[in-house]
There are 2 protein chains.
Amino acid sequence: MELRHVAYAVAVVDAGGVSAAAEAVHVSQPSLSRQLRQLEADLGVTLFERGSGPLRPTRACLALLPALRELLALAGRVEEQTAVHARGGLDRVVVAAPNVTLTDVVSPFVATLGADDPVLDVRPEDSRLPADMLAAGADLAIGTRPPAAPARWRPLATLPVWAYVRPGDPWAGRVQVPLSELVERRLVLLPRPFTSREALEAALTAAGAPAPAGVLEAASGPIAQALAAAGRGVAVVSDDARHDLVPLAVRLPAGAGDAGRLTIRLVVAWDSRAPAQAGLSALADRLAAFVTSRYGG
Amino acid sequence: MELRHVAYAVAVVDAGGVSAAAEAVHVSQPSLSRQLRQLEADLGVTLFERGSGPLRPTRACLALLPALRELLALAGRVEEQTAVHARGGLDRVVVAAPNVTLTDVVSPFVATLGADDPVLDVRPEDSRLPADMLAAGADLAIGTRPPAAPARWRPLATLPVWAYVRPGDPWAGRVQVPLSELVERRLVLLPRPFTSREALEAALTAAGAPAPAGVLEAASGPIAQALAAAGRGVAVVSDDARHDLVPLAVRLPAGAGDAGRLTIRLVVAWDSRAPAQAGLSALADRLAAFVTSRYGG
DNA sequence: CTCGCGCCATGCCCGAGAGGCATGACGTGC
DNA sequence: GCACGTCATGCCTCTCGGGCATGGCGCGAG
């Protein structure tokens, strides 16, 4: 019996099914399904009844459940306690992230931390690759592309890319604009390595849409918005709204996933071999939970 | 953090060092050493001070120790509790073993089991290979050769092979006899597949000793002893003494290991994929502990 | 009635990790 | 100074956890 298996079993009970639990514990549904059976074989007890629909805990499972929860809680307390004894581990955590994310995501999260929590040493980063940030000394890195092993990562959020128009614009009354219409306008975009730009171009390629009628490059999100506010074009960025700009979702052709809107995926990553890895992953989970509650997943 | 790692760390503290702990938890010393470092990295805490001699727990480790022990105790209780709910798992456990082992080892162990323990359904087996016994439906198998993966096994005991002479024999006053002298006598041996026979012949080959002067084959250990009691030769078997026979250790040439005596190794094996695997390994551990306390390892 | 959708299980493959063996570095005691 | 006991490290194997793709299966909508 391993703690991981116990956590999986409890997650299945709480989530009411394997599929839902798999999402909660960040593994695929087949993997979780197999781990469950392994735990059952290991203990020699049938924990779940299979059959129609979501599987349901057996009587034995429910009887064990309190002890299993206690086991997890105790393990959690041990890991917390280690933070106290950690030498140079979680007193300071260096968080690296692109600028947009820092202002819109990390800063609000830092504001929610208590006195017991580690001090987050936030550092803006040019690279979009979490792997590079980790190599540069960051403990946690936020970016758009999952790093390769042995780094670990977790999905953080799926943020929409907005097309910002000023209040007087003909589109100002709409809530979304199709990609095909968007390219007919002059666009204010960020330079290439920025994710909103890359996501837009990838979507254009995938949809077979023509190149935008005109492109104006801005050095940062706020500047792009300022240009849009000045009527120089439609700013396509993922920043939150400024200057009273009106955000429009960018509608993609059907079947493109992400609810048909242009989005960018954020991930949070850390080094699996770093000291206090348990603490880092816990912090990453809290950050993900915070973002989910704030942006609604 | 996984329960296995916790168990390892506690074992190291209790045993006072990696090497001793490795034996206690049945893994090799290098493996245990690495797991420890992994646990430290995972928690972000230095648990042991390395340096001269056996490593010693740090202050942080000692602070965590009670919680770790509690964690293991709780996990143990959960596994015990599962035995109660196990369906057809550990109510009956089929134990297969060679005849000698059954009478001399398993039976006394069965006598020590309480009402809460599973019923051991003991079955004598001709094969010396635990793998065959498991394939034949046994839950636990006792034999002389460790099975291949995915079966799991544990060393059970190292039993001496005795040279039995009757009280009136010229050797009756001795406690041991060298292999070279033994072969000059007429010997009462078991047939080939029996382990005492195979061990003897392997030792003869290894020592370059001549073949025994004369061999009388007996169908079983007790019969061999009966023949020895009748003065028909020296019985070389691993059974406990009967018929007032005098046991002599068989001395091997130096460097042959096993404290220079002819011995056979016993192992207990089970199927890692069997239901109630946790209960089986616990039972195997208890059996090993019993044998150790009875035969002094 | 049938089709589609949401469940979970299974087959396949890959990579990480745990394990063993052999060996090396380091201290201690004879 | 040498033998021995400690733990660490390199190398290899093999299990197992994980993901993707796919297959049954029941239920509900059309």
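The sequence lines fix the lettering, A, B, ..., with proteins before strands; numbering per chain opens at 1.
- Residue-level contact check: B:R56 touches neither bases nor backbone, having no heavy atom under 4.0 Å from any strand.
- Whole-Å rounding puts the B:L32 CG to D:dA8 C1' distance at 12 Å.
- Across all strands shown, B:R37 has heavy atoms under 4.0 Å from sugar-phosphate atoms exclusively, and none from any base.
- End-to-end axis angle of the helix from C:dC1-D:dG30 to C:dC30-D:dG1, from C1' rotation axes over five pairs per end: 10° (rounded to 10 degrees).
- For A:F290, the ring pair (Phe, Tyr, Trp, His ring centres under 6.0 Å) test picks out A:F109, with sequence neighbours left out.
- Less than 4.0 Å separates DNA chain C from at least one heavy atom of each of the following residues of residues 20-31 of chain A: A:Q29, A:P30.
- Using a 4.5 Å heavy-atom threshold, the side chains of A:L266 and A:L159 count as touching.
- Residue contacts for B:R4: at a heavy-atom cut-off of 4.0 Å it reaches the sugar-phosphate backbone alone, with no base atom in range.
- Contacts classified as side-chain hydrogen bond (donor to acceptor under 3.5 Å, both in side chains) and involving residues 21-36 of chain A (residues at least two apart or in different chains) are given here: A:H5-A:Q35.
- Applying the side chain to side chain donor-acceptor pair (under 3.5 Å) rule to B:Q38 yields no partners; only residues at least two apart in sequence or on another chain are considered.
- Here B:D271 pairs with B:R273 under the side chain to side chain donor-acceptor pair (under 3.5 Å) rule; sequence neighbours left out.
- With sequence neighbours excluded, the residues satisfying salt bridge (Lys or Arg N to Asp or Glu O under 4.0 Å) with A:R50 are A:E40.
- The residue B:F48 sits apart from the nucleic acid: no heavy atom pair falls under 4.0 Å.
- Listed by first then second residue, pairs satisfying side-chain hydrogen bond (donor to acceptor under 3.5 Å, both in side chains) with a partner in residues 144-156 of chain B read B:R154-B:D285, not counting sequence neighbours.
- One interatomic measurement links the two molecules: CG of B:L36 to P of C:dG19, which rounds to 11 Å at whole-angstrom precision.
- Residues meeting the salt bridge (Lys or Arg N to Asp or Glu O under 4.0 Å) test with B:R77, sequence neighbours left out: none.
- For A:E201, the side chain to side chain donor-acceptor pair (under 3.5 Å) partners at least two apart in sequence or on another chain are A:R192, A:R197.
- Judged as a side chain to side chain donor-acceptor pair (under 3.5 Å), and not counting sequence neighbours, the contacts of B:R69 are B:D14.
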> Which letters describe nucleotides 25-30 of chain C, given B = protein heavy atom under 4.0 Å from base, S = only from sugar-phosphate, - = neither?
Replying inline: --SS--
